[in-house]
Amino acid sequence: MSDHGHELLLGTFTRERARSGAGAGTAPARSAVALARRHDTLDYDALPPSLARKAIEPGDRAYDDVRHTYTRTGSPALVIQAENADDVAAALAYARSQHAEIAVRSGGHGISGRSTNNGGVVIDLSRMNAVEVLDRAAGRIRVEPGARWGHVARALAPYGLAMSSGDYGDVGVGGLATAGGLGYLARRHGLTIDHVTAAEIVVADGRRLRVDAEHHPDLFWAIRGAGGNFGVVTAFELDAYEVGDVAYATITVDATDTAGFLVEWARLVERAPREITSFLSLFPARRGAPVTAQITLVYAGDDVEAAQSALSPFLGAGPVLHQQAQLVPYHLIVTPPENRHQGHGLENTRSGLLEHLTPEAAGVIEEMMRSGDIPIVQFRSMGGAVHDVPADAMAWPHRTQQFSVLAAATPSRVPALNASWARLYPQLNGMYLSFETDTHPDRLLDAFPEPVLTRLRALKAEWDPDDVFNRNFNITPAGAEEAVGAEEAAASAGGGR
């Protein structure tokens, strides 16, 4: 059938744990050249012996493989590759004793670049990557934070289980499973954090805790949505669900009438059965090609006729340039590429949530595309199962919005991005922090509207009063700003005598 037809045809596609050979013990011998590259911000000799062979210094051969993230470059003074929760606690205690800036890294895909630093300590969790099925009948699984979601999907596939996570298999578990997890199965099964039933965490004072609905329930509430502010999660327990083959379709559309196309796509998404989750990426006109849109559709079910019936209306969203659809095992659409993280990618993004994709919002986005300053705008559909969870169940209160929207730009185009986003901002209601690089404190109220932010600040004062975990859109402890103000007032009064 032609690419311009109105029925989408479906074809059929005819525990990972990296461990270092070196154990704990004395530090490896380093040359004078390597020692000369040490930063003067740390006392390297104070590193606990248990971490000596798990630490990578700037002069080590492996340093260039661990210093950067996917989007950002970094030059940490030390990267500690923890292998268990005891290592995490020891690394945290060491970094605190050195008054070092601390970054925690699971997969290194955080857009804001907070999982590396310059001159500080990175606690790298990539070796903590086990995936275990604890109870197949109940779907209960245990996943360590350094596992990649593609590896999780592959490990669960033989059991007929899956966990919605995102759209990119190379993303690490830890950052996503504490922030949200808006993936290909979201409208059918909800966010990743909606399925977290317990977590093991190292908190700021070094204690190792297990948190769930009965043990430290306030902390358990907080880490599902704002986890990076409260400790280092060393394992998650989740309720996975049965998923077999899914219908996976992509449609490329001429989106010259950008606003009209967006409104129609959004209408189709909201009317679609919750088995359908759709992502949409918009690209500006280039080299004679029109503004184009790539619609990605996942139907969480293997009924070919039902899938075709549900997916085919999207061929009417705009002039179709290309389309393909397949019935495929879920784990094959989130296969992890083997990437070296070298600080490539778009460094500046803006993120927001939309109750609906209205003509007004679509008009602003059309202006973005016409400007040529914005290389991509991406939407992810919410609704469905995401709305089934009460807004106060966890520190993700966004249970009415239908879409997430992200816009990205190169550094030279950030002023244009900001100007465009300011025009869109009145149409937004909330924000997903994982897709945002503006770390101004004002963004916290977008992500955590009251009374959520006040509750989080009170919990921060309880669990991290020294604000150790301040590298993830920092939620300051309640009372911290008042204390600073009092100190400044006292200093001012003393200077006036």
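The figures here come from the full heavy-atom set of this structure, side chains too, leaving out hydrogens, waters and symmetry mates. Throughout, residue positions are numbered sequentially from 1 according to the sequence presented.
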**Study point:** Check: S278/R187 side-chain N/O donor and acceptor closer than 3.5 Å
**Key:** no
**Study point:** Evaluation steps, side chain to side chain contact (heavy atoms under 4.5 Å, CB included), between I201 and V232
**Key:** CA-CA 5 Å; I201 184 171; V232 183; 5.7 Å; no
Check your understanding: F220 ring centre to R224 NZ or CZ under 6.0 Å, with the angle to the axis within 45°?
Key -> yes
Revision key, fill the gap. What one should report as the nearest heavy-atom pair of S420 and M368 is CB-CG, 3.6 Å
**Study point:** Output field: ring centroids Y330/Y248 closer than 6.0 Å
**Key:** no
Exercise for review: Decide side chain to side chain contact (heavy atoms under 4.5 Å, CB included) for E366 and M369; before the verdict, give the C-alpha distance in whole Å, the side-chain angles of both, and the deciding distance to 0.1 Å.
Suggested key: CA-CA 5 Å; E366 180 170 292; M369 288 294 99; 5.7 Å; no
Review point. Looking only at atom types and distance, does a side-chain atom of D464 sit under 3.5 Å from a main-chain N or O of V468, one as donor and one as acceptor?
Key: yes
Review point. Under 3.5 Å, is there a donor-acceptor pair between the D467 and N474 side chains?
Key: yes
Review point. Okay, side chain of T234, backbone of E200: is any donor-acceptor separation there less than 3.5 Å?
Key: yes
Review point. Measuring from F261:CZ to T292:OG1, what's the distance to the nearest 0.5 Å?
Key: 9.5 Å
Revision key, fill the gap. For M382 and L353, the nearest pair of non-hydrogen atoms, with its separation, is SD-CD2, 3.9 Å
Review point. Between the side chains of Y432 and D446, does any donor sit under 3.5 Å from an acceptor?
Key: no
Exercise for review: Any pair with a residue in residues 386-408 that passes side chain to side chain donor-acceptor pair (under 3.5 Å), sequence neighbours left out, goes on the list, sorted by first then second residue, please.
Suggested key: D194-R399, R274-D388, E355-T400, H398-Q401
Check your understanding: What's the spacing between S412 OG and D373 CG if we round to 0.5 Å?
Key -> 8.5 Å
**Study point:** Spatial distance of atom CZ (F230) from atom CG (L209) [nearest 0.5 Å]
**Key:** 13.5 Å
Exercise for review: Under the salt bridge (charged side-chain N to carboxylate O under 4.0 Å, His left out) rule, collect the residues that match up with E237, sequence neighbours excluded.
Suggested key: R140, R210
Exercise for review: State whether a side-chain donor-acceptor pair under 3.5 Å links T192 with W149.
Suggested key: no
Exercise for review: Please check if any side-chain donor atom of N348 sits under 3.5 Å from a side-chain acceptor atom of R413, or the reverse.
Suggested key: no
Exercise for review: For the residue pair H109 and D170, confirm or rule out a side-chain donor-acceptor distance under 3.5 Å.
Suggested key: yes
Point to revise | CG-CZ distance between L456 and F448, expressed to the nearest 0.5 angstrom | key: 6.0 Å
Review point. Can you name the closest pair of heavy atoms from V66 and R105 and give their distance?
Key: O-NH1, 2.6 Å
Revision key, fill the gap. Rounded to the nearest 0.5 Å, the CG atom of L280 sits from the CG atom of L262 at a distance of 6.0 Å
Exercise for review: Applying side chain to side chain contact (heavy atoms under 4.5 Å, CB included), run through E450 and L445 and close with a yes or a no.
Suggested key: CA-CA 7 Å; E450 295 293 8; L445 273 174; 3.9 Å; yes
Check your understanding: Would you call R443 and E436 a salt bridge, taking side-chain N to carboxylate O under 4.0 Å as the test?
Key -> no
Practice item. Please find out if less than 6.0 Å separates the ring center of W265 from that of F403. Key: yes
Review point. Would you call the rings of Y241 and H189 parallel, tilted or perpendicular if under 30° counts as parallel and over 60° as perpendicular?
Key: parallel
**Study point:** Check: S115/R471 side-chain N/O donor and acceptor closer than 3.5 Å
**Key:** no
Check your understanding: Which heavy atom in A235 sits nearest to a heavy atom in P145, and how many Å separate them?
Key -> N-CD, 4.1 Å
Review point. Step by step, would you call L282 with F379 a side chain to side chain contact (heavy atoms under 4.5 Å, CB included)?
Key: CA-CA 9 Å; L282 275 178; F379 299 85; 4.2 Å; yes
**Study point:** Closest non-hydrogen atom pair, Q323 against V320
**Key:** CB-CG1, 4.3 Å
Exercise for review: May I ask you to check whether over 12 heavy atoms, not counting those of R370, lie within 6.0 Å of atom CZ?
Suggested key: no
Review point. Between A266 and L357, what is the shortest heavy-atom contact and its length?
Key: CB-CB, 3.5 Å
**Study point:** Within-4.5 Å side-chain heavy-atom neighbours: V298 and I276
**Key:** no
